[in-house]
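In what follows, a structure is listed as structure tokens, so that the remarks can point back to it.
Below, each value reflects all heavy atoms present in this structure, side chains not excepted, and no hydrogens, waters or symmetry copies. Position 1 is the first residue of the sequence; numbering continues from there.
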Amino acid sequence: MNRNTFDFLPDVSIPSPIQEVEHPLLHRYGVALYIKRDDLIHEVVSGNKYRKLKYNLIDAHTRQVGSLATFGGPFSNHLYAFAAACRLMEIACTGFVRGDIDPCNPTLKFCLEQGMTLIPVPRQEYRQKENSPFVRQILNQMQSAELIPEGGTNALAMKGAGEILEEIREQMQNSPDSLVLSAGTGGTAAGLLKHLPRSMTLIVFSALKSTHLHGEILQLARPVGNSESLSVHDEYHFGGYGKMHAQLSAFIDEFEGSTGIPLDPVYTGKAMFGLFEEIKRGSFRFGSRILFLHTGGLQGKKGLEYLRQNKKTMYLGQSTQQ
């Protein structure tokens, strides 16, 4: 198997392209912004999901594992990419889904179309993952199924994420001062931090309404000798998952209209909004070179639109960020 791509995955674009962003705000503050378009790696297995699943799936393929199982929320990018990759590998897969299963939900509908078996898990049980008696009983019945963690976050995932820096070194003549990305579980950020050159800072924007991400990234990345290079912002979550804010929606529309680069409302939209706010606050010196990692997740646009149409999401107004 080719070490750099999945042999079973057609039309992979590696290394993902890097493009410079043109925007009036960037000129005003003297900042150069580039985006590494990991959203363009593959049509369905893209972004950090490709990076985090790559070695997990190569390992399963090499050992001829017949069945895989994983966890995810009802609109999970991880479940979406995992189901597609397993179908291409011809490996049976199971998704333990937090809460009830709505077959009309576009993410879960796609997973079912890929042949994934979906099992609803009560929220209390879901918090315990594989330690839940409910989940453990099902896994025992499945016998041969091997577990991939929620979000794909483990040592193999961080190995895949670390390859992003190898590509950046080859693609950019001058290294960026800062590498910026959004994060949920923190696996991609941890993989980057483990291999981050000391000349670069890693700036992470939490997509979750949580203050624990900084510690979780350091825990995943240990041992790491440059923890001072990590900066985490947890104030741009816009209420967390399953919520949409008018201010964020307007920002995404303006950014996409100005640059032609799509953002999702759960991860990359929040991170880009936060980055622009920090630029306006003077957090970056004049002449700074910033590289934003586009972690994909664009299927989440359909999910949030589905929630909005069915009035299952909270649409927050302009004035108050939750």
With a cut-off of 6.0 Å (strictly less than), are more than 12 heavy atoms of other residues, nucleotides or ligands near [atom1] of [X]?
{"X": "E90", "atom1": "CD", "answer": "no"}
{"X": "D253", "atom1": "CG", "answer": "yes"}
{"X": "Q64", "atom1": "CD", "answer": "no"}

Does any non-hydrogen side-chain atom of [Y] lie less than 4.5 Å from one of [X]?
{"X": "E43", "Y": "D11", "answer": "no"}
{"X": "I119", "Y": "T94", "answer": "yes"}
{"X": "R87", "Y": "C93", "answer": "no"}
{"X": "V204", "Y": "S231", "answer": "no"}
{"X": "I164", "Y": "R51", "answer": "yes"}
{"X": "K194", "Y": "K159", "answer": "no"}
{"X": "D177", "Y": "R285", "answer": "yes"}
{"X": "V21", "Y": "I261", "answer": "yes"}

Anything under 30° is parallel, anything over 60° is perpendicular, the rest tilted; go ahead and classify [X] against [Y].
{"X": "F71", "Y": "Y126", "result": "perpendicular"}
{"X": "H294", "Y": "F292", "result": "perpendicular"}
{"X": "F276", "Y": "H23", "result": "perpendicular"}

Report the distance from atom [atom1] of [X] to atom [atom2] of [Y], rounding to the nearest 0.5 Å.
{"X": "L220", "Y": "E216", "atom1": "CG", "atom2": "CD", "value": "7.5 Å"}
{"X": "I14", "Y": "D38", "atom1": "CD1", "atom2": "CG", "value": "6.5 Å"}
{"X": "L179", "Y": "I290", "atom1": "CG", "atom2": "CD1", "value": "11.0 Å"}
{"X": "L26", "Y": "E20", "atom1": "CG", "atom2": "CD", "value": "8.5 Å"}
{"X": "L293", "Y": "L181", "atom1": "CG", "atom2": "CG", "value": "5.5 Å"}
{"X": "S182", "Y": "L208", "atom1": "OG", "atom2": "CG", "value": "8.5 Å"}

Using atom types as modelled and distance alone, determine if a side-chain donor or acceptor of [X] lies under 3.5 Å from a backbone N or O of [Y].
{"X": "S46", "Y": "I41", "value": "no"}
{"X": "S249", "Y": "H245", "value": "no"}
{"X": "D264", "Y": "Y267", "value": "yes"}
{"X": "T259", "Y": "F255", "value": "yes"}
{"X": "S13", "Y": "S16", "value": "no"}
{"X": "S258", "Y": "E254", "value": "yes"}
{"X": "R289", "Y": "N174", "value": "yes"}

May I ask you to say whether [X] pairs ionically with [Y], meaning some side-chain N is under 4.0 Å from a carboxylate O?
{"X": "R169", "Y": "E166", "result": "no"}
{"X": "E278", "Y": "R281", "result": "yes"}
{"X": "E256", "Y": "K301", "result": "yes"}
{"X": "K209", "Y": "E235", "result": "no"}
{"X": "K129", "Y": "E150", "result": "yes"}

Tell me whether [Y] is reachable from [X] by hopping between hydrophobic residues (I, L, V, M, F, W, Y) whose side-chain heavy atoms are closer than 4.5 Å.
{"X": "F110", "Y": "Y50", "result": "yes"}
{"X": "F96", "Y": "Y80", "result": "no"}
{"X": "L147", "Y": "L156", "result": "no"}
{"X": "L275", "Y": "Y236", "result": "yes"}
{"X": "I18", "Y": "L202", "result": "yes"}

If you look at every heavy atom in [X] and [Y], which pair is closest and at what distance?
{"X": "V45", "Y": "A81", "value": "CG2-O, 3.8 Å"}
{"X": "V44", "Y": "A84", "value": "CG2-CB, 3.7 Å"}
{"X": "P120", "Y": "D100", "value": "CB-CA, 4.4 Å"}
{"X": "H78", "Y": "P149", "value": "NE2-O, 3.5 Å"}
{"X": "L196", "Y": "S229", "value": "CD2-CB, 3.8 Å"}
{"X": "R63", "Y": "D59", "value": "NH2-OD2, 2.9 Å"}

Handout entry: Test log, rule side-chain contact (heavy atoms from CB on, under 4.5 Å), inputs V232 and I217
Key = CA-CA 9 Å; V232 176; I217 293 171; 4.2 Å; yes
Exercise for the section: Please assess I252 against F273 for the test side-chain contact (heavy atoms from CB on, under 4.5 Å), listing each intermediate value before the final yes or no. Expected result: CA-CA 8 Å; I252 291 174; F273 178 93; over 6 Å; no
Practice task
Using the side-chain contact (heavy atoms from CB on, under 4.5 Å) rule, take T185 and K52 through it: C-alpha gap first, then chi angles, then the decisive distance, then the call.
Solution key: CA-CA 11 Å; T185 60; K52 294 164 78 174; 3.4 Å; yes
Problem - side-chain contact (heavy atoms from CB on, under 4.5 Å) partners for K109, two or more places apart - result: E113
Practice task
Apply side-chain contact (heavy atoms from CB on, under 4.5 Å) to N105 and list each qualifying residue two or more places apart in sequence or on a separate chain.
Solution key: P74, F75, D102, T107, L108, Y306
Exercise for the section: For the pair N48 and T188, evaluate side chain to side chain donor-acceptor pair (under 3.5 Å) and give the outcome as yes or no after the intermediate values. Expected result: CA-CA 7 Å; N48 66 338; T188 303; 3.2 Å; yes
Exercise for the section: Quickly, which of I138, I101, V135 forms a side chain to side chain contact (heavy atoms under 4.5 Å, CB included) with V121? Name it, please. Expected result: V135
Exercise for the section: Assess K270 against F205: is NZ or CZ under 6.0 Å from the centre of the six-membered ring, and within 45 degrees of the ring's axis? Expected result: no
Exercise for the section: Could you please spell out the steps behind the side-chain contact (heavy atoms from CB on, under 4.5 Å) verdict for L139 and Q137? Expected result: CA-CA 5 Å; L139 287 173; Q137 181 181 6; over 6 Å; no
Exercise for the section: Carefully, step by step, assess K36 and Q171 under the rule side chain to side chain donor-acceptor pair (under 3.5 Å). Expected result: CA-CA 10 Å; K36 185 161 176 60; Q171 291 175 285; 2.7 Å; yes
